Each structure stands twice: as C-alpha cells, then as structure tokens.
Enquirer: 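Structure provided below as structure tokens; questions to follow.
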Amino acid sequence: MELLEKLLKSKNLQVALDFIDLKNAEEIAKQSIEAGADILEVGTPLIKSYGIQGIRRIREIAKERIVLADTKTADAGDVEAEIVHLGGGNIMTVLGIMDDATIESAVKKAHEYGILVQADLINVKDILKRAEEIKRLGVDIIGLHVGLDVQKKRGITISDLKNEIKKVSELGVIVSVAGGLNKNNIVDIIDLPINIYVVGGAITRAKNPLEEAKQIVKIIKG
Ligand SMILES: O=C([C@H](O)CO)[C@H](O)[C@H](O)COP(=O)(O)O
C-alpha cells in the first residue's frame with residue numbers, strides 16, 4: 001500500500017485539530033498545510049461535535065494530504081470504519097486497550113476501504129506486550145500516547161517514554177507518538193525511529209500557529 005510505504009520511510013508531522021468549533025479547526029488546518037504538515041488529524045472533540053461532516057470538511061481542505069480521524073474506537077469497529085470512509089479519511093484510530101474483537105473488526109472493515117488503522121495505546125500499562133499482540137491483529141500503526149488529563153495531572157509527556165518508544169519501534173511497525181509534544185521536547189526524541197509526531201496544543205494554542213508549525217516541520221524534516 002502506497003500510504004504505508006510513505007509513512008514507513010519518512011518522518012511526518014501530524015497536527016491534531018482538537019477543536020469543538022469547526023471554523024477554528026479549518027483555520028489551523030489551512031495554516032498547517034501551508035507550514036508543510038503531512039497529516040491533518042480530525043481530533044476526537046471535532047468528531048464528537050461534527051461527525052462525518054467534520055471529517056469531510058477537513059478532507060476538502062487537506063486536498064492530497066493525509067487525513068486521520070481520531071475516532072478512538074472502543075466498540076463496533078466496523079461501524080466506525082464506515083464513518084471514516086464516508087468522511088473520506090485515510091486513517092482511523094482504535095483504542096489498543098479494548099478487546100481484540102473490536103480491533104479485528106475495525107481492521108477488517110477499514111482495510112476493505114483502503115483505510116489504515118492506528119491502535120492508540122493510551123492508558124495501556126504493559127505497552128510492549130500489547131503492541132506485540134496488536135501487531136498480530138493486523139493494525140498498520142502503533143500510537144504511543146500520553147493523554148491530556150495525564151499530562152496535566154502527572155506533568156509528563158510522551159517524550160518521557162523513550163524506552164517504550166524504542167522497544168515498540170523494534171517490532172518493525174509504523175510508530176506514532178502523541179502527548180504534549182512541542183518544538184523543545186521533539187528534539188529529545190528526534191533520533192528515535194518514529195514515523196509520526198503528533199502535535200496538538202503546541203500549535204493550536206500558539207500565538208502564531210503558522211510560524212510554530214513551520215519551526216516544528218523544520219525540526220522533524222531535518
Ligand atoms: O488525542 C489527543 C487527546 O486525547 C485529545 O483528544 C490529542 O490529539 C493528542 O494528545 C495531541 O495533543 P497534544 O497533547 O495537545 O499535543
């Protein structure tokens with residue numbers, strides 16, 4: 001699959017559009033593209049607010065860029081794959097902590113549509129063990145993720161999980177990392193074999209999101 005090859009062979013910036021308001025998301029989506037972002041993420045709050053229409057709108061703006069719908073699917077994997085297909089997304093996410101049955105259902109349906117599946121390991125305690133299991137279920141991307149609430153409560157970001165990132169990347173999968181990344185801490189993990197750097201708040205809440213995104217693209221692309 002062409003998209004898989006591209007992701008596997010390169011380092012990519014994914015901008016997480018974690019908005020409730022579509023107009024704000026559209027504005028940052030346009031600036032992210034101008035800055036050179038590779039993937040636009042229809043954030044979970046945006047999907048909850050606008051559903052398929054929200055994914056469709058970001059698809060229109062993204063043009064040939066990749067659109068990831070952060071569905072964080074917890075059940076009915078096939079139905080949520082259908083939703084992403086109707087919105088025109090290229091990648092969906094499923095929660096790695098859920099039952100294998102949900103992941104299998106998402107993978108089966110998504111692959112029928114040519115959609116990639118990312119397992120989000122948010123809140124998974126034994127990351128390497130679950131990553132190994134999930135790889136066998138046919139997911140395309142493994143996402144290591146420190147969620148917003150944990151970032152706030154414990155003061156950690158994904159850049160604190162270097163060992164886990166290294167071990168998962170040794171499985172030979174596409175690795176995505178998310179959770180509190182910014183232009184300072186991305187530098188700490190830039191030499192690790194990571195394919196997708198997800199950045200949300202550091203860009204969406206920046207005084208100048210375009211400039212911030214440009215700087216981050218420069219760090220990631222080298
Ligand atoms: O997935 C996310 C979170 O669970 C809210 O939906 C964020 O997109 C992800 O954490 C990236 O955002 P930042 O941590 O603000 O970079």
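When reading the values below, keep in mind they use all heavy atoms of this one structure, side chains included, and skip hydrogens, waters and symmetry mates. This is a predicted model, so every value here is computed, not measured. Indexing begins at 1, ligand by ligand and atom by atom, following the structure's order.
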Enquirer: For Arg130, is there an ion pair with Glu133 - N to carboxylate O distance below 4.0 angstrom?
Expert: yes

Enquirer: Looking at ligand 1, does Gly43 have a heavy atom less than 4.0 Å from it?
Expert: no

Enquirer: Does Glu26 pair with Lys23 as a salt bridge, N-O distance under 4.0 Å?
Expert: yes

Enquirer: Please list, in number order, the atoms of ligand 1 under 4.0 Å from a heavy atom of Gly180.
Expert: 13 (P), 14 (O), 16 (O)

Enquirer: For Glu60, is there an ion pair with Arg57 - N to carboxylate O distance below 4.0 angstrom?
Expert: yes

Enquirer: Considering the heavy atoms of Ala16, write down every atom of ligand 1 situated less than 4.0 Å from one of them.
Expert: 8 (O)

Enquirer: What are the atoms of ligand 1, with element, lying closer than 4.0 Å to any heavy atom of Thr44?
Expert: 6 (O)

Enquirer: Does Gly179 reach ligand 1, in the sense of a heavy atom lying below 4.0 Å from it?
Expert: yes

Enquirer: Report the part of Asp120 (side chain from C-beta onward, or backbone N, CA, C, O) that has a heavy atom under 4.0 Å from ligand 1; answer both or neither where that applies.
Expert: neither

Enquirer: What do you reckon, does Lys72 have a nitrogen or oxygen under 3.5 Å from a nitrogen or oxygen of ligand 1?
Expert: yes

Enquirer: Out of Thr157, Asp149, Leu148, whose heavy atom is nearest to atom 5 (C) of ligand 1?
Expert: Leu148

Enquirer: Using only atom types and a distance under 3.5 Å, with no angle test, would you say the side chain of Tyr197 pairs donor to acceptor with the backbone of Val177?
Expert: no

Enquirer: Decide whether an N or O pair under 3.5 Å exists between Gly200 and ligand 1.
Expert: yes

Enquirer: Do His145 and Asn123 have a side chain donor and acceptor closer than 3.5 Å?
Expert: no

Enquirer: Taking only heavy atoms of Glu41 into account, list the atoms of ligand 1 that are under 4.0 Å away from them.
Expert: 8 (O)

Enquirer: Answer with yes or no whether the side chains of Lys183 and Asn185 bring together a donor and an acceptor at under 3.5 Å.
Expert: no

Enquirer: Using a strict cut-off of less than 4.0 Å between a Lys/Arg side-chain nitrogen and an Asp/Glu carboxylate oxygen, indicate whether Asp38 and Lys221 qualify as a salt bridge.
Expert: yes

Enquirer: Of all the non-hydrogen atoms in the protein, which one sits nearest to atom 9 (C) of ligand 1, and at what distance?
Expert: His145 NE2, 3.6 Å

Enquirer: Considering the heavy atoms of Asp70, write down every atom of ligand 1 situated less than 4.0 Å from one of them.
Expert: 1 (O)

Enquirer: Show which atoms of ligand 1 fall inside a sub-4.0 Å distance from at least one heavy-atom site of Gly201.
Expert: 13 (P), 15 (O), 16 (O)

Enquirer: Could you tell me the residue and atom name of the protein heavy atom closest to atom 8 (O) of ligand 1, and the distance to it rounded to 0.1 Å?
Expert: Asp18 OD2, 2.6 Å

Enquirer: Of all the atoms in ligand 1, which lie at a distance below 4.0 Å from a heavy atom belonging to Gln151?
Expert: 14 (O)

Enquirer: Given the rule in the side chain to side chain contact (heavy atoms under 4.5 Å, CB included) test, do Thr73 and Leu95 qualify, once you have shown the distances and angles that lead to the verdict?
Expert: CA-CA 6 Å; Thr73 298; Leu95 291 177; over 6 Å; no

Enquirer: What I want to check is whether the side chains of Thr93 and Lys72 have a donor and an acceptor closer together than 3.5 Å.
Expert: no

Enquirer: Is there a donor-acceptor contact under 3.5 Å linking the side chains of Asn195 and Lys9?
Expert: no

